[in-house]
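Step one of this worksheet: look at the structure below.
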Amino acid sequence: MSMNNTVAVQRWTRLSIASISLVVLFQLVLAFAPLFLSANAVDRLTTLFIYGILALMWNALAGYGGLVSIGHQAFFGLGAYGAIRLADAGMSVYPALFVAAALVAALSLPISVVMLRLRESEFAVGMWVLAALAHLLVNLDPLIQGETGTSLIALNAYAPDVRRAYTYWTALFAMVGLAWWVFWLLRGRLGTAAQSIRDNEEAAASVGVRVLSAKRTLFVLSALGCAVAGALWVATTISFQPKTYFSVQWSAFMLFMVLVGGIGTFEGPIIGAVLFFAVETAFGATGVWYMIGLGGTALVFALLIPKGIWGTIESRFGIRLLPVGYFLKSDRST
Amino acid sequence: MSWINILIPGILLGGYYALLASGLSFLFGVMRIINLAHGSLAVLAAYAIWIMADRHEINPFIGVLILLPFMAMLGWALHRLIFERSLKGGALIPILSTFGLAMLIDNLLFQNFGADTRSLAPYVDSLAYDSWELPGNVYVGQLSVIVFVTALLVLGGLHLLLAHTHLGRRIRAAAQDSDAAQLVGIDARRTYAIASAIALMLVALAGLSLALRTTFDPYAGPLQLIFAFEAVVIGGAGSLWGTLLGGVILGVAQSVGAHVHPQGFLIAGHLVFLIILIARLYVLDRLAVGLRRLRGGSQ
């Protein structure tokens with residue numbers, strides 16, 4: 001064994017330190033965006049942040065917990081509904097967005113007890129049934145008036161410009177906060193547990209990984225994030241129609257972003273969200289062809305490129321920009 | 001008396017759910033795949049039969065017979081192109097790919113047929129509205145009885161196929177362990193493709209029943225998938241006669257729910273599904289474990 005062949009375990013590389021510094025810098029720039037961007041650009045960025053949250057949350061559950069849900073629109077819709085209920089009860093609007101999300105997260109805990117006992121496709125469709133049920137129950141609330149829906153009227157207290165900037169900052173804060181939280185969680189014990197579950201659940205359990213508790217953390221986290229996203233969505237669009245909020249389309253969007261970006265990587269869903277945002281901006285107006293394209297692309301990626309864009313790049317070139325794992329480094333290569 | 005009038009339509013509706021779920025249940029039993037495009041494929045079949053009836057004046061019951069071989073070929077193709085590849089990709093890929101397929105089918109249907117709702121009821125004279133009177137002033141819809149009997153025949157036929165034919169033995173062997181089946185000379189790949197073809201023929205029957213019973217539109221598929229899935233899970237995944245029981249329980253629950261509250265039809269169905277799910281996880285599982293322990297203790 002020559003000295004040249006020593007192998008070291010590393011997490012940070014020069015590239016990943018540089019990229020994470022860039023990310024922090026970029027986030028600081030984004031914080032000042034409402035001061036120099038047009039109203040329309042600020043609105044679009046807010047939408048992008050919400051997509052980012054959805055992608056991050058769905059990936060945390062599917063990519064790290066191994067649980068594909070077709071029903072997370074339940075939490076998205078309930079987050080929006082909760083915000084409307086709380087605002088109607090007199091709570092200030094922006095705090096209400098987060099309180100609503102926290103309440104939905106609390107609700108997701110007993111739900112997780114039942115749903116996490118289901119396996120794979122049963123979990124996926126079981127969540128879908130839950131979303132359908134949540135939709136029907138919200139419709140029963142007289143405040144919502146069935147499919148007619150209602151509006152987040154309390155937002156009228158703010159001038160349009162102020163409201164736009166506040167919603168933008170809230171969305172940015174929520175996305176950045178959730179992203180760092182997931183980053184931090186995945187770098188700790190949960191990340192190790194999640195990765196072993198992803199590779200082989202039975203083997204993970206047999207070496208003492210607390211599979212259920214790791215999955216529960218990811219489930220509640222994703223419920224919280226999707227509820228924040230739903231509450232933010234109602235803050236940007238103001239109107240709340242149960243049909244659009246509890247639509248399975250949200251799951252289709254999340255699946256698309258995560259699958260195309262790279263399931264089970266930290267960078268993947270961010271890339272997927274930006275890509276989805278770009279595709280929507282370019283082709284959203286084409287209506288049904290846009291949806292056909294999304295469905296077709298999801299199918300092709302699932303069958304031919306299941307690692308997604310970032311997963312493919314990562315495994316081919318060994319690049320890690322935002323490292324959540326540890327990697328072997330051979331001294332010879334440096 | 002009024003309860004009979006709620007119960008009987010509920011049971012008959014359960015026949016439709018059993019027919020709808022039979023393809024899903026069969027495919028799950030054989031390949032362990034829950035095909036999320038199941039409902040969308042049923043709607044696709046409904047549109048195919050509707051085109052034959054509307055544009056070429058073909059009676060829907062003849063139309064479905066013409067459609068069956070095409071659905072079988074589609075099933076074969078779906079296996080070769082999607083199911084087979086998905087199964088190799090791990091547990092998550094079948095969910096992702098079949099959901100993508102469902103999105104694709106729904107939106108292509110919308111692109112071709114628009115948002116109008118259609119029905120096959122106008123093409124079968126008054127069959128969709130005719131009913132038989134039973135003693136005690138109880139009326140049953142002729143169509144629901146026909147669908148229920150079809151469900152019984154289909155499930156019975158599947159049972160006979162699996163239990164008593166060479167193909168059935170091959171399917172059961174491949175379902176249990178495809179590698180071991182290969183070792184004893186069964187072409188598991190071909191067997192799976194045949195199973196997919198059978199499942200898609202069942203989907204054609206479900207599509208016909210859906211379109212005769214009610215109206216449908218391009219986005220009707222997902223709800224049908226949910227109904228089928230509920231019936232399968234309530235009855236115990238992978239068991240054919242369980243699927244019939246699951247369908248009937250779902251149908252009765254919805255029928256009772258609709259009677260209790262105007263919006264109760266769907267809510268009651270979903271609630272019964274969740275209650276049975278929870279009951280199975282906490283009560284029935286424990287019962288099973290207890291029974292096993294008792295049996296183990298006596299040995």
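Chain naming here is simple, since letters A, B, ... match the order of the sequence lines and numbering starts at 1 in each.
Looking at B/Pro222 and A/Trp128, their side chains come closer than 4.5 Å, going by heavy atoms from C-beta outward. In this structure, the side chains of B/Leu96 and A/Phe301 stay at 4.5 Å or more apart for every pair of heavy atoms. Between A/Leu303 and B/Ser86, the closest side-chain pair of non-hydrogen atoms falls below 4.5 Å. You'll find the side chain of B/Leu104 stays beyond 4.5 Å of the side chain of A/Met291, heavy atoms only.
Of the residues considered (A/Ile70, A/Val248, A/Leu259), A/Ile70 shows the highest number of contacts with chain B, using heavy-atom pairs under 4.5 Å. Counting heavy-atom pairs closer than 4.5 Å to chain B, the top-ranked of the candidates A/Val68, A/Val300, A/Val125, A/Val114 is A/Val125. Among A/Gly293, A/Ala62, A/Gly146, A/Ala252, the residue making the largest number of heavy-atom pairs under 4.5 Å with chain B is A/Ala252.
Residues of residues 254-268 of chain B having a heavy atom under 4.5 Å from any heavy atom of chain A, listed by number: B/His261, B/Gln263, B/Leu266, B/Ile267. Residues from residues 37-48 of chain B never place a non-hydrogen atom less than 4.5 Å from a non-hydrogen atom of chain A.
Contacts of B/Tyr219 with chain A are made by side-chain atoms alone, with heavy-atom separations under 4.5 Å and no backbone atom involved. Both the backbone and the side chain of A/Leu294 come within less than 4.5 Å of a heavy atom of chain B. Both the backbone and the side chain of A/Ala132 have a heavy atom closer than 4.5 Å to some heavy atom of chain B. Using a 4.5 Å cut-off between heavy atoms, B/Leu225 contacts chain A through its side chain alone, with no backbone atom that close. If you measure heavy-atom distances from B/Ile82 to chain A, the contacts under 4.5 Å come from both the backbone and the side chain. Using a 4.5 Å cut-off between heavy atoms, A/Val113 contacts chain B through both its backbone and its side chain.
The line from CZ of B/Phe99 to CG of A/Leu299 is 12.0 Å long, rounded to the nearest 0.5 Å. Considering CE of B/Met103 and CD1 of A/Ile292, their distance stands at 10.0 Å, rounded to 0.5 Å.
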>> Please evaluate residues B/Arg85 and A/Leu304 with respect to the criterion side chain to side chain contact (heavy atoms under 4.5 Å, CB included), reporting the C-alpha separation (whole Å), side-chain torsions for both, the decisive distance (0.1 Å), and the verdict.
In response: CA-CA 9 Å; B/Arg85 202 180 275 274; A/Leu304 302 177; 3.7 Å; yes
